[in-house]
Structures are given as structure tokens and as C-alpha cells.
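This report refers to the structure that appears directly beneath it.
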Amino acid sequence: RLAVAKSKHQPFDMVLIGINPLEMEHEAWITCMRTARDSYNCKVGILTNTHDQPFYEELADAERLVCLAKPVTRLKLHDA
């Protein structure tokens, strides 16, 4: 979808990726996140479970991401 949006000159401003360590391999979402950020110049946010947030916040700092704990309010999304 990012490629289609870019080709139509309607790029995304931000991509949110919901992270569940039990459902998606670490490297798979890292690749997804880097592709969105580097190839499509999108800001990337990851949605994590509250108890997983400290791990992902450290990664977010290293990868220039926004890390938000679920549930996320509209205000938090707007501020991201």
C-alpha cells in the first residue's frame, strides 16, 4: 500500500505497526519498519502491550520510532 500511495503522489505521513512478540518475528517487523521509514519516508510508530513497552522504547530510540503502549488515545496518536 505504501508503494501505491507513493506512485499516486499521496504518501502516508505515518505508519503504525502493532507488535505482538508471539505473532510476528522480531526481524519481520524490523524489516517492515525500516522499509516504511527508509523507502517511503514515513514516520513509524509501534504499538506495544504495556508490559512490553520498556524493551520497545529502547529499540524505538535506536531506530527513530515512536513507541506507544496500547490502548492508545487519539491525543497520543495526534502528538506522535
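Distance OG1/T73 to CG/L68: 8.5 Å, rounded to 0.5 Å. To the nearest 0.5 Å, atom CZ of residue R37 and atom SG of residue C42 are 11.5 Å apart.
The side chain to side chain contact (heavy atoms under 4.5 Å, CB included) search around D38 returns R34, R64, not counting sequence neighbours.
V72 pairs in a side-chain contact (heavy atoms from CB on, under 4.5 Å) with only one of the listed residues (L47, L16, T48), which is L47.
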